[in-house]
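All values derive from a computational prediction rather than experimental measurement. Note that these values count all heavy atoms, side chains included, but never hydrogens, waters or copies made by symmetry. Whatever order the structure lists ligands and atoms in, that order sets their numbers, starting from 1.
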Amino acid sequence: MTAPPAALLNKNKKNFIGMPAPLGYVAGVGRGATGFTTRSDIGPARDANDVSDDRHAPPNKRKKKEDDDDEDLNDANYDEFNGYGGSLCSKDPYDKDDEEADAIYDEIDKRMDEKRREYREMRLKAELENYRQERPKIQQMFTDLKRELAGVSENEWSSIPEVGDARNRKQRNPRPERFTPLPDSVLSHNLGGENVTTIDPGSGLASMMPGTSTPGMLTPSGDLDLRKIGQARNTLMGMRLNQVSDAVGGQTVVDPKGYLTDLQSMIPQYGGDINDVKKARLLLKSVRETNPNHPPAWIASARLEEVTGKIQSARNLVMKGCEMCPKSEDVWLEAARLQPPDMARAVIAQAVQTLPYSPRLWIKAADLELELKAKKRVYRKALEQIPNSELLWKLAVELEEEEDAKILLSRAVECCPTSVDLWLALARLEVYENARKVLNKARENNPKDRQIWITAAKLEEANGNDTLVGKIVERAISTLQANMVDINRDFWIKDAMEAEHAGAVLTCQCIIRNIIGHGVEDEDRKHTWMEDADSCATQGAYECARAIYGHALSIFPKKKSVWLAAAHFERSHGTRESLETLLQQAVTHCPQEETLWLMGAKSKWLAGDVPAARSILALAFKANPNSEEIWLAAVKLESENNEYERARRLLAKARSQAATPKVMMKSAHLEWALGNLEVAKNLLDEGIKEVGDFAKLWMMKGQILEQQGKIEDAWEVYRDAVKRCSSSIPLWRLLANLEERQGKLVTARATLEKSRVRNPMNEELWLLAVRLELRAGQREVSRALMARALQECPSSGILWAQAVFLEDPAQRKSRSVDALKRCQDDAHVVLAVAKMFWMEGKKIKAREWFNKTVKIDPDLGDAWAWYYKMETLFGTEDQMQEVKKAVLWLGGTFDWRGSGSLVTAASLTQPSASQPASPGSGRLRLAAGCCEGQTTKMNDYLMELVAIFCTTTLFGMGIAALLKIFNLPFIWMHPVEKDSKRHGGELVAEVLKSHGVRHIFTLPGGHISPILVAAEKLGIQIVDTRHEAAAAFAADAVARMSGTVGVVAVTAGPGLTNAVTAIKNAQMAQSPVLLIGGASASILKGRGALQDIDQMSLFKPLCKLCVTVTCVRNIVPTVLRALQEAQSGTPGPVFIEFPIDVLYPYHMVSKEIGVKQGGKSIMQRIVNWYLGNYLDNLFAGAWDPQDTKPLKVNIPFVSPDVVNQCVEIVSRSKKPVILLGSQATLPPTPVEDLRRSLENLGIPCFLGGMSRGLLGRKSAIQMRQRRRDALKEADVIILAGAVCDFRLSYGRVLGRQAKIIAVNRNKEELYKNSDMFWKPSVAVLGDVGTFLRDLSACLAGYQCDAEWLSTLRERDETKEVANVKMAEEPTEVHLNPMKVFTELEELLPSNAVLVADGGDFVATAAYILRPRGPLTWLDPGAFGTLGVGGGFALGAKLCRPDSEIWIIYGDGSLGYSLAEFDTYTRHKTPVIALVGNDAGWTQIAREQKPMFGSSVGCDLAHCDYHTSAEGLGAKGVLIGRNDDIKSKLKEVQKLHAEGHSVLVNVLIGSTKFREGSISV
Ligand SMILES: Cc1ncc(C[n+]2csc(CCOP(=O)(O)OP(=O)(O)O)c2C)c(N)n1
Ligand SMILES: [Mg+2]
């Protein structure tokens, strides 16, 4: 035994001190530095001295190159498998450059004794040097500077701040602090500031244990100022609000300049940081020295000096630049700019001598002259040199008086005969006759220019030759066509608009007439013209629009839509006369179109010509007898002109001819308004008899009764009404309000509860209920209600707006941040924020947010009202008027007593917490409730009695509370069907069935039996696995491959805990999975029931939604919502917990609960009553019919504006590249469509995650190798769902010069690490597939650089050829895994699906096997979970029963799901498993062994896995060294075709292929 090292014997020293660090040890790695740890940090993977091991043989020694110090080795190389979906911090397996370098050093070590070797080494070296010279590394460019670094002391070095970090060392490296979270209330309490603002160190708060002072627990910076923390927290919340507010309105962050695209960006733009200046100066110096003929380097250097105030140095530098780059216009111009005027003139004189043909220099020279004469002289000289410069002529002409200008121009057109501008300018200066001549000449010289023609037309129009105008335009078009000019309709329309703006109306009309039909297909004419007219009108070209309508109407005189559009146009932009004339023509052509008549009548009426209006209506009647609309319009006309008798007669006539609900309502309304209440009521009764489901009739009747003081009758009416019209929310509101006003609070509550049952998911009803409680002073109850409301309507703006004000002031800000996140563009929420700021006294902020609100929804009267109120109280007169003007402009009235949304602003007060949301909006004023049948009527009376009691006595209040707690009103109204055999499982199954769910994966348990049994009855296949994880993985696979939700159901407790990993995996892979879990009965929670644990806490961090169903009636809405949520936004898993008693039938639950009637003792009776009530509540309303149709899935689509921004960027790019991530394959874009779009785009793509295979086996645009190089060279990178996490080396692999378009549905992923290592030029928050489709459509015809594509293709192929070569190298023992895959690659059929589960073996497969088509590759995704194989394969086989499913397994990974072979056998879902048997967890051993010298924990045996599978009903095949791989694999395929699952146990040896890729 060797003696232990001395350090170990030294008792005073820790036993690792003095010992050499283990191989590859890097400080900090063990403490979580792994996030940025790469091969370069950890050092070489193996040491040559390591004992060799045939399974984990060490790779060749790899020396670190001397000049690699600063190389950005942190960029993990792309790994086809790990790249997107595999292990962490992956690195290219040993790429070509590494290989070359290693070879060189190996050769040096071995001494060059053989001549041939010597020669080869020299050649390699030369090649390498050549390579480096061609692409020098940045650090090489700075070698001289680096040398100087030798003199820098340790202290100086460590005080160099990071770029942009101006703090000193102490600030940069603060001592670690401890933080103890404090509740918001403490902070907000201290915000007031009067009382205690610091914590007394002696007080209990400051120490862990009250009363004792704990040294070291306090932050060393002294007293803790809670007031400041409170303020800081508020500021922080404010900032977050602002960030959220940026997202309001769908803005996207755009960096228009691009990121670090030019040298200019090196110049610090602020005066502050001297270190930055120094660094920039050094860098620029080096650039200048490296490439002295590069003008930008000189310019940037001079500007740097200028920014820092060293103007003389700047001048010197730029003059030197002129010397070095005399042919650069830019440098000369920069020199002229920097020099004082006199010197500048001299410089520019020198410049024009050097570059006499540069118009820019001449222009600068002229600019520098102060006198007009001198300027003219310069231009003349310039024109002598460059007589054909149009620009110079123009500038010269501008300086001249009219006569001289004419002379100059006549010379100019000679020199530049093709300059239309010059010709036109000359024509403008000439008198009519000459102008015609000039234009004719111009035309001769420019036969293809339309502007000359149009100018000619304008000229004739201006001189009164109207007849010529049309002819000229006609001739223009025919002549241009004859000259092969493409007649572009849009250009001509634009010209027409310009002509109109220039006052040439006739020209404009002629152009429109002649061009409007050009190139438009017959069937497209109508809508194209309407769009054209609309677009002209919006651009203020009304004559153009009018001409278009005129033309359209002449072609389509019978089309009422065209007449309507033209009439709307005239109403908005024409005169009353033009409108009326048009309408007259309109009704002669389309007499059946009521709206046209009505518009005509209205126009007359508004002009005060009531008789004319009447006669139009009379004519309208003739054309449309019995038209309700015309009747009602006539009535309105009469009644508004106080001709009540006429109105009455008209209505009576209307009733006799067509007693429609509206006619009845208007009749009653008229009588009501005239005070004839009884007549009105009779009319309403009549109406109700005819059309009892017209809610407004009921409402009016009830309101009339209320007005008459007949409250009881009104109540009866409302109650009857809600039975007939249960979906009318205003009716429920009226009823509940009446009850509340009567003091019958409990009844009102019951009413609202009932209304919600009838109208589930109705935000308004929830809001009513919440406000009712608020008014009743039940703040806590209203909060609880709000929580339920938000569960049911999670994205309701009006609810969130109210929720903000339910909070205490201190919590409102954070609540409003939540609200804004949930409902970004909702005006109610934004309004709530505005009011919140107002209440805090922050008027400016409030104004800003009010402004946002009215921009989002200009029709929201409440917002205007509050806004106006605030301005009346605190704003200036101007600000007040501004709001008023905006309202009037929008067509609102400022009659504050009027109805609608603009309400009683005068009566508003500053918003208060008790009445925050609506200042009395007409929108939310109506509501009601209802009762059913005789028994419920009894209940109502009873409740009413109780209610009277309740509100008057304390005892009553207690009863009311009990009623609420036990939900009695609802139970009374929904008697339980005790004989029903139905159970909750049936409801679950119904909803799943109506969502097209075809399989439920499960491992059973008594808790969930009802669901499984009911689902099977409905034809849903129940697939039971041998482990819950496999069931959940299978559901995940179904979700990914079918585009719907995958469903897994497991039992309570251990069933659920076993599913945790798979659900986390689904979350990371953004896969929509519904996890259904059993649970113990709610009543037994915490009472020691079997498998009763807190399951919600387990899944809350993993799922988008976690809900417990508490009664049977809630099953349907809950499952509906869960399925919606799983697929909306960023998809992901959701969890529903079903307590056992909501799933079993009544009689069983009742028996289990042991409900008995009566009881001997009082206690027994109470317990029995309690249990009975619990049971009734479970089943009340259980079997009421409910809609199970899927709810709408919310997909965030990208706006066309944002797509256009990206189109702009891509269209200019030459070397673009697209990285596709899993999100690209999400619905709604079919994968085949996406594939076509990408192929049309023609941009090289790298595929990752679920998008692998998208482009098929062989695609011209798909690249698989050397992604890192492509990213460094690309000029545009589109991250289409690809995320800048470890898979893209946190964003560091993206080229600095590239413009980056990032697209992702998930905001966090979209911006991941963008604060650190990369920056998006456009960050697009939205769906990837539809974005790419739109992008491709807009970029039709775009092509990237052909050379770019071929370079990438060549690299790809070279690498693949190398792989094939490597596959042929025999391994020491067993088979070369690469060889196995190259053989398999040839045999895989076109429908094969590949499932990846393992380490190195699988990663090798990922390089060699090519997925055959979209959605044919399944790997775990970002979580890198081993064990997915069995479940994934099961799900895949069920989705693609005709496919060959190949699981590529490591021998280690196989162990997790080997038992699933039994599942495949039982469910007849045969699959093939190809197991790479290397007797070890090799991916781990490969690193662990050289680093720590031991493979402990990583060794397995060469087990006979093939025989074990046979025991589970599959066939087993062994492939070893002596077998012919191809024929064995063919045999496997044959067995599979016969219906067998097959496990292929392939004994493999080790290759160098995976060396260097790391796995932590
Ligand atoms: C659930 C889980 N446990 C452990 C790991 C760590 N891990 C990554 S690769 C690997 C080795 C896999 O061995 P095997 O499946 O035999 O494949 P091989 O590398 O030997 O080809 C391990 C243990 C993991 N990713 N997931
Ligand atoms: Mg293995």
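- For R1040 and D1036, the salt-bridge test passes: some basic side-chain N is under 4.0 Å from an acidic carboxylate O.
- Atoms of ligand 1 lying under 4.0 Å from at least one heavy atom of F1401, given by number and element, are 21 (O).
- Near G1480, meaning under 4.0 Å from one of its heavy atoms, ligand 1 places the atoms 16 (O), 20 (O).
- When non-hydrogen atoms are compared, ligand 1 lies under 4.0 Å from the side chain of D1478 (C-beta onward) but not from its backbone.
- In terms of polar-atom proximity, L1426 is counted as a contact of ligand 1, with an N or O under 3.5 Å from an N or O of the ligand.
- Residue G1424 has at least one heavy-atom neighbour below 4.0 Å for each of these atoms of ligand 1: 24 (C), 25 (N), 26 (N).
- Checked for salt-bridge contact, E1460 and R1026 miss the test: no charged N lies under 4.0 Å from a carboxylate O.
- D1024 and R1466 are joined by a salt bridge, as a carboxylate oxygen and a charged side-chain nitrogen come within less than 4.0 angstrom of each other.
- No donor-acceptor distance shorter than 3.5 angstrom exists from the side chain of S1222 to the backbone of G1249, with no hydrogens or angles considered.
- For E1444, there are no salt bridge (Lys or Arg N to Asp or Glu O under 4.0 Å) partners, not counting sequence neighbours.
- Atoms of ligand 1 lying under 4.0 Å from at least one heavy atom of Q1483, given by number and element, are 9 (S), 19 (O).
- If you look at Y1456 next to ligand 1, the close heavy atoms, those under 4.0 Å, all belong to the side chain.
- Counting non-hydrogen atoms of other residues, nucleotides and ligands closer than 6.0 Å to NZ of K1530 gives a total of 12 or fewer.
- A centroid separation of 6.0 Å or more is found between the aromatic rings of Y1456 and F1033.
- For the residue pair D1356/Q1265, the side-chain donor-acceptor check at 3.5 Å is not satisfied.
- Heavy-atom proximity to G1398, at under 4.0 Å, picks out these atoms of ligand 1: 15 (O).
- There is no side-chain donor-acceptor pair under 3.5 Å between T1465 and D1462.
- Taking a cut-off of 2.8 Å, the protein N, O or S atoms nearer than that to the Mg ion (ligand 2) are D1451 OD1, D1478 OD1, G1480 O.
- Remark: ligand 1 and T1425 share no N or O pair separated by less than 3.5 Å (distance only, no angle test).
- Near D1400, meaning under 4.0 Å from any of its heavy atoms, are these atoms of ligand 1: 18 (P), 19 (O), 21 (O).
- The closest heavy-atom contact to atom 15 (O) of ligand 1, among the options S1453, G1497, A1029, comes from S1453.
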Ignoring hydrogens and angles, write down the donor-acceptor pairs under 3.5 Å from the side chains of residues 1507-1517, residues two or more places apart or on other chains.
residue: T1507; atom: OG1; partner: D1504; partner atom: O; Å: 2.7
residue: S1508; atom: OG; partner: Y1505; partner atom: O; Å: 2.6
residue: E1510; atom: OE2; partner: G1516; partner atom: N; Å: 2.9

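- Under the salt bridge (Lys or Arg N to Asp or Glu O under 4.0 Å) criterion, E1137 pairs with K1085, sequence neighbours left out.
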